[in-house]
Amino acid sequence: MDFNVRSSLLDPSVTICVSSVHSKIFDGHNGISAAIFAKENLLANVLSAIPQGISRDEWLHALPRALVAGFVKTDIEFQQKGETSGTTVTFVVIDGWTVTVASVGDSRCILDTQGGVVSLLTVDHRLEENEEERARVTASGGEVGRLNVFGGSEVGPLRCWPGGLCLSRSIGDTDVGEFIVPIPHVKQVKLSNAGGRLIIASDGIWDALSSDLAAKSCRGLPAELAAKLVVKEALRSRGLKDDTTCLVVDIIPSDHPVLPPTPMKKQNILASLIFGKKTRNSVNKRNKLSSVGVVEELFEEGSAMLAERLGKDSTLDANSGLFRCAVCQVDQPPVEGLSVNSGPFFSPASKPWEGLFLCAKCRNKKDAMEGRRLSTPTVIL
């Protein structure tokens, strides 16, 4: 299996990071510091949340939870710097034929299989388009509305106030409020041994092109040329260079140099496409990966509730008696932190640290994201 990667970058506010096992794209706003900080720290924070000495299958099973912890930890660390920029993130981990994508914001990752079937691996966190996120933001203490101009007319997309951000999830954005959360949507799929192509791009591409059009525009080309052609097609359609960055990753066998230029015939696509949701505990699991274009969904979760994303188990070092925070991975005595099951008052006999353990700092972050503790946004005059 080969990994053939190519990026085409026109927006200097966008930062990308590529290796043989992971690719990331960060689209910064209100400055570039959040994008740079996330680029330099996110991967390490994700890896620190994965237990050591586990098997490959266990590693893949732990990855979705570790991505959530890593995103939240990165956000906490950046906010401690006192800067107010923010960034979207699309983070892709490739392990063999298994692809795991975590995202906040409105950059997007699509999968184009060798059978010509295009699948979306991310969810857009734009307030204008995501009704569920609008409800969450308002329930957590934010306000959603459009810009008011002179005369009382409302213009533009829906935004979160204070701050006026169009997104409901990002890393950073301290001046907006902590109901703008860094908890990513995570999706994990397994490709057939025919492989496929990932197209990861910032919102300027997707404002101009549909997922199908972006995929079709570069089929038959190697990754080196495909990313440039996607950007060129977006510019031809939209005419703007802002937020226009594309990264193409081919996950293909060595005897398949590029994706075919045209998709299979319709009847063959229908016969080969199997994209059914699978759970890790699924019984009677069958191998459905022999046909071209087959994608097996292993995991998908987009909840913004930290307790739902990190589970209910706590990590205790039996020798030291210390608990490990599920977010920052710091060992602390249980009296210095709280579990998600504990209330404001408890007795020692109630063992409030049973369940997911969070240190005091990460518990405060969780409460702020859920609207249980009002954060104080930084006001820039």
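All residue numbers in this chain count up from 1 along the given sequence.
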Is the side chain of [X] donor-acceptor paired with the backbone N or O of [Y] at a distance under 3.5 Å, no angle test?
| X | Y | answer |
| --- | --- | --- |
| Ser170 | Val104 | no |
| Arg126 | Pro157 | no |
| Asn130 | Asp124 | yes |
| Trp59 | Ile54 | no |
| Arg108 | Thr122 | no |
| Ser217 | Val230 | no |
| Glu77 | Asn41 | no |
| Glu143 | Gly145 | no |
| Arg65 | Leu310 | yes |
| His125 | Gly105 | yes |

Minimum heavy-atom distance between [X] and [Y], given as atom pair plus value:
| X | Y | result |
| --- | --- | --- |
| Ile171 | Pro182 | CG1-CB, 4.1 Å |
| Ala234 | Ala208 | O-CB, 3.7 Å |
| Gly302 | His185 | CA-CD2, 3.9 Å |
| Ser140 | Phe179 | CB-CB, 3.6 Å |
| Ile50 | Ala62 | CG2-CB, 4.5 Å |
| Ser192 | Trp97 | O-CE3, 3.6 Å |

Separation of [Y] [atom2] from [X] [atom1] (nearest 0.5 Å):
| X | Y | atom1 | atom2 | result |
| --- | --- | --- | --- | --- |
| Ile183 | Met369 | CD1 | CE | 4.0 Å |
| Cys166 | Asp106 | SG | CG | 8.5 Å |
| Leu356 | Arg363 | CG | CZ | 9.5 Å |
| Asp331 | Leu322 | CG | CG | 5.5 Å |
| Ile36 | Ser85 | CD1 | OG | 9.5 Å |
| Glu133 | Arg169 | CD | CZ | 4.0 Å |

Report yes if some heavy atom in the side chain of [X] is under 4.5 Å from a heavy atom in the side chain of [Y]; otherwise report no.
| X | Y | value |
| --- | --- | --- |
| Pro64 | Gln188 | yes |
| Ser48 | Lys73 | yes |
| His29 | Asp173 | yes |
| Val101 | Leu198 | no |
| Lys81 | Ser33 | no |
| Asp75 | Lys365 | yes |
| Ile251 | Ile94 | yes |
| Cys328 | Ile76 | no |

In terms of hydrophobic clusters joined by side-chain contacts under 4.5 Å, are [X] and [Y] together?
| X | Y | answer |
| --- | --- | --- |
| Leu47 | Leu42 | yes |
| Val189 | Val249 | yes |
| Ile205 | Val118 | yes |
| Leu120 | Val248 | yes |
| Val68 | Val330 | no |

| task | With Arg159 as reference, evaluate Val176, Leu167, Leu147, Leu165 under the side chain to side chain contact (heavy atoms under 4.5 Å, CB included) test and give the passing residue. | result | Leu147
| query | With Phe91, which of Val186, Leu43, Ile200 fulfils side chain to side chain contact (heavy atoms under 4.5 Å, CB included)? | reply | Leu43
| task | Could you please spell out the steps behind the side chain to side chain contact (heavy atoms under 4.5 Å, CB included) verdict for Lys187 and Cys109? | result | CA-CA 11 Å; Lys187 188 164 187 173; Cys109 175; over 6 Å; no
| Do any pairs count as a side-chain hydrogen bond (donor to acceptor under 3.5 Å, both in side chains) and have a residue in residues 145-157, sequence neighbours left out, and if so which ones? | Glu128-Arg146
| Any side-chain donor-acceptor pair under 3.5 Å between Asn45 and Thr74? | yes
| said: Which residues pass the ring-ring contact (aromatic ring centres under 6.0 Å, His included) test with Phe78, not counting sequence neighbours? | reply: Phe37
| task | Would you indicate whether Gln80, at its atom CD, is surrounded by more than 12 heavy atoms from other residues, nucleotides or ligands within a distance under 6.0 Å? | result | yes
| query | So does Glu129 have more than 12 non-hydrogen atoms from other groups sitting under 6.0 Å from CD? | reply | yes
| message | Checking Val72 against Arg309 for the side chain to side chain contact (heavy atoms under 4.5 Å, CB included) test, could you report, in this order, the C-alpha distance in whole Å, the side-chain angles of both residues, the deciding distance, and whether it holds? | response | CA-CA 11 Å; Val72 176; Arg309 304 300 300 278; over 6 Å; no
| message | Checking Cys218 against Leu225 for the side chain to side chain contact (heavy atoms under 4.5 Å, CB included) test, could you report, in this order, the C-alpha distance in whole Å, the side-chain angles of both residues, the deciding distance, and whether it holds? | response | CA-CA 8 Å; Cys218 62; Leu225 299 177; over 6 Å; no
| task | Would you please test Thr245 and Ile25 for side chain to side chain contact (heavy atoms under 4.5 Å, CB included) and show each step? | result | CA-CA 9 Å; Thr245 298; Ile25 185 166; 3.9 Å; yes
